[in-house]
Amino acid sequence: MTEKFISIEGIAKRYPGTGGATTTVFENLWLSMARGEFCCVIGHSGCGKTTVLNILAGLDAPSEGAVIVDGQAISGTSLDRAVIFQSHALLPWRTVLGNVAYAVSSKWRRWDRARVKAHAQTFIDLVGLTGSEHKRPSELSGGMKQRVGIARALSITPKMMLMDEPFSALDALTRGTLQDEVRRICLETGQTAFMITHDVDEAIYLADKIFLMTNGPGAVLAEVVENPLPRDRGRTDLHRHPLYYALRNHIIDFLVTRSKTFTAETPGHDPRNVPVVHIGKPGLTIASDAKSEPLNETSWPGLSRPSTSS
Amino acid sequence: MTTTSLRLRAGLVSIVLLAAFLGVWHLAVRSTAPVATMSPEYAKLMGLTATQGKSAMPGPVDVAAKLWEHVRRPFYDNGPNDKGLGIQLGYSIARVGTGYLLAVLVAIPLGFLIGMSPLLSQALDPFIQLLKPISPLAWMPLALYTIKDSSISAIFVIFICSIWPMLLNTVFGVASVRKEWINVARTLEVGTIRRAFTVILPAAAPTILTGMRISIGIAWLVIVAAEMLVGGTGIGYFVWNEWNNLSITNVIIAILLIGIVGMLLDQILARFTRMVTFPE
């Protein structure tokens, strides 16, 4: 990590539970991202992913610790950090243009109407919604709504984008196109992005770094996996890359088994120095073919291989 | 195609039902009683029921004829006990309008405050729950004693009865604005005042307008009773006065007009509600 554009420093989130006890969602969480990096967080429900994102956005405050963005500790929300919500969160009484213009006029309060409109229009064009400016959200499909959400987030030219499972409510085809768009836009604009997802393939396609979180309560950031795939990867030939399956298996193994047992099995885990996993690089390899092959067999005892001898 | 034909058929059924009702009414009040022979002086005292066998209940034709008379001269003023129906309705609508507007001015800003503050919401809840079920007419003696003006007391009664549905609906509408819309405004660093007007107000508007629609209905129900008590002017006073005059025809006409005005008020608010409702 050369430059820490975003640095989460020892944050914790606790909720008062029943009978005076407190529930700790996570504590002592350290995480950092460089400028222009695309990071995905993967973990099971309840591990506090959304809470981390809300703290980054400023919508929620950590019980402990601080978040530093571009050299300054954050307090509350900011127009520098745009959020793309899972449920798109468009204002239904405004048109597509109205929704984007609302964000634009919030950032540049002294702009006149024509300037706001022109600026909003460029971002509507960017996400491919030209011609639908005057439609209301109820007249749009799920994919189009999320495009508006993306246009709204981009229109304020933020320093970073925060996405909370933005495509999970969409069908597979729409999701694919929108992933392409988001990747294109982020690469073109050099946007720093932080995304929560449940979709391993989405993370592999979009992310430069993948954060793996163990199960909550008391969740920890277990590993940071660096994406070994080339930066100019395409969605269609992603799975043909020699390291694709090693990476995918590593993440899925983590989600299926290690996310439950990680804390117990790794007593010396230092949350300030989370191991960085480089898939396929000799010497640093953690998950490799030789180790995962027998493990796969034992973990599915009911699955019998077709016998070839008889 | 099917909707128009359904509408047409429903309209036909309505007309048939109306015709049947008028027919039954007409037949029911026909003169059937035997006519007694009596001296002319005595007959004058007894009225038409005894002398001509005519029912004291007017038929639809009598009501229509009388109504036509009222419609032709709605604004005549022959002194305190004989004013045109237009004037009487005007008084009632003015009272309802004043009391209702005052209630809007109080209930909506107050509802906004209560809805946005959980502290106020919990602190004021027992008072609202206690005051809400009180019949507005129960306030009348207190209003008459403190205000010492019967007309303003009637307006106060309208105010107090129309405030609760608006207040409660505003509180509910404001408190249940979707969290994500608030979060959108927060991430865009929208200030509290601008947030209230650009996010909370449009989001809560359908609920608030529903409360206003309930209120106007209640206000129109209450004004008739309030004016019966207060006296002097208004459609409620007119009903009671015509009852004292034993003019059932005028009472029926007043009932009809109260219904029509109430329906119109409701329709106006329904139209406003549709204007602010957004599809999701």
Side-chain angles (χ1 to χ4, degrees), chain A residues 50 53-61 74-95 98-109 116 135-140 142 145 148-149 152-164 166 169, chain B residues 104 108-109 111-112 115-119 121-122 166 169-213 269-280:
Chain A
T50 301
L53 185 131
N54 283 345
I55 290 171
L56 261 175
L59 291 167
D60 207 343
I74 63 161
S75 59
T77 57
S78 161
L79 283 158
D80 290 338
R81 283 165 273 131
V83 183
I84 297 175
F85 296 89
Q86 182 179 12
S87 54
H88 60 76
L90 299 178
L91 306 177
W93 55 88
R94 284 174 177 265
T95 59
N99 267 288
V100 181
Y102 184 65
V104 176
S105 61
S106 300
K107 170 123 188 186
W108 295 283
R109 278 160 214 218
V116 168
K135 286 189 180 153
R136 304 218 171 240
S138 58
E139 300 167 74
L140 303 176
K145 283 181 199 165
V148 182
R152 178 172 63 187
L154 287 170
S155 71
I156 56 171
T157 58
K159 283 183 188 166
M160 76 173 303
M161 296 224 284
L162 305 166
M163 296 176 254
D164 187 359
Chain B
V104 170
I108 291 176
F112 243 85
M116 287 173 87
S117 149
L119 173 78
S121 174
Q122 284 197 20
M166 279 194 267
N169 268 44
T170 308
V171 170
F172 177 73
V174 169
S176 54
V177 172
R178 291 250 285 273
K179 191 90 196 289
E180 55 190 42
W181 296 336
I182 307 271
N183 281 347
V184 167
R186 284 177 65 198
T187 55
L188 294 173
E189 292 190 74
V190 173
T192 317
I193 303 287
R194 187 161 176 254
R195 194 197 303 172
F197 281 101
T198 56
V199 177
I200 297 171
L201 186 63
T207 321
I208 297 174
L209 260 291
T210 306
M212 290 174 71
R213 191 174 167 192
L269 265 297
R271 175 151 296 184
F272 284 142
T273 311
R274 272 199 298 277
M275 275 165 60
V276 298
T277 304
F278 48 83
E280 282 199 49

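Every chain is numbered from 1 and lettered A, B, ... according to where its sequence line falls, protein lines coming before strand lines. Because the structure is a prediction, the values reported are computed rather than measured.
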For the student: nearest non-hydrogen atoms of L90(A) and W181(B), plus distance: O-NE1, 3.1 Å
Spell out the residues in residues 199-207 of chain B that have some non-hydrogen atom less than 4.5 Å away from a non-hydrogen atom of chain A, in order of number; otherwise answer 'none'. V199(B), P202(B), A203(B)
Give me each pair satisfying salt bridge (Lys or Arg N to Asp or Glu O under 4.0 Å) with a member in residues 78-89 of chain A, each pair once, sequence neighbours excluded. D80(A)-K159(A)
Do the side chain of W93(A) and the main chain of V276(B) share a donor and acceptor less than 3.5 angstrom apart? no
Without swapping roles, check the side chain of T77(A) against the backbone of E189(B) for a donor-acceptor pair under 3.5 Å. no
Honestly, the part of L59(A) sitting under 4.5 Å from a heavy atom of chain B is both
So which residue, Q86(A), R109(A), R136(A), ends up with the most heavy-atom pairs under 4.5 Å with chain B? R109(A)
What's the verdict on side chain to side chain contact (heavy atoms under 4.5 Å, CB included) for H88(A) and V184(B), showing C-alpha distance, side-chain angles and the deciding distance? CA-CA 10 Å; H88(A) 60 76; V184(B) 167; over 6 Å; no
Minimal non-hydrogen separation, S138(A) against P279(B), with atom names: OG-CG, 3.3 Å
Going through the checks in order, is the side chain to side chain contact (heavy atoms under 4.5 Å, CB included) test met by V83(A) and N183(B)? CA-CA 9 Å; V83(A) 183; N183(B) 281 347; over 6 Å; no
Is the count of non-hydrogen atoms from other residues, nucleotides or ligands lying under 6.0 Å from F278(B) atom CZ greater than 12? yes
With chain B, the option among A57(A), A103(A), G58(A), G76(A) that has the most non-hydrogen atom pairs under 4.5 Å is A103(A)
OG of S78(A) to CG of L188(B): how many Å apart, nearest 0.5 Å? 10.5 Å
Using a 4.5 angstrom heavy-atom cutoff, name the option from S87(A), P158(A), A82(A), P137(A) with the most pairs to chain B. S87(A)
We want to know whether R194(B) and S106(A) form a side-chain donor-acceptor pair, criterion being a heavy-atom distance below 3.5 angstrom. yes
Is T198(B) close to R94(A) at the side-chain level, that is, under 4.5 Å between some pair of heavy atoms? yes
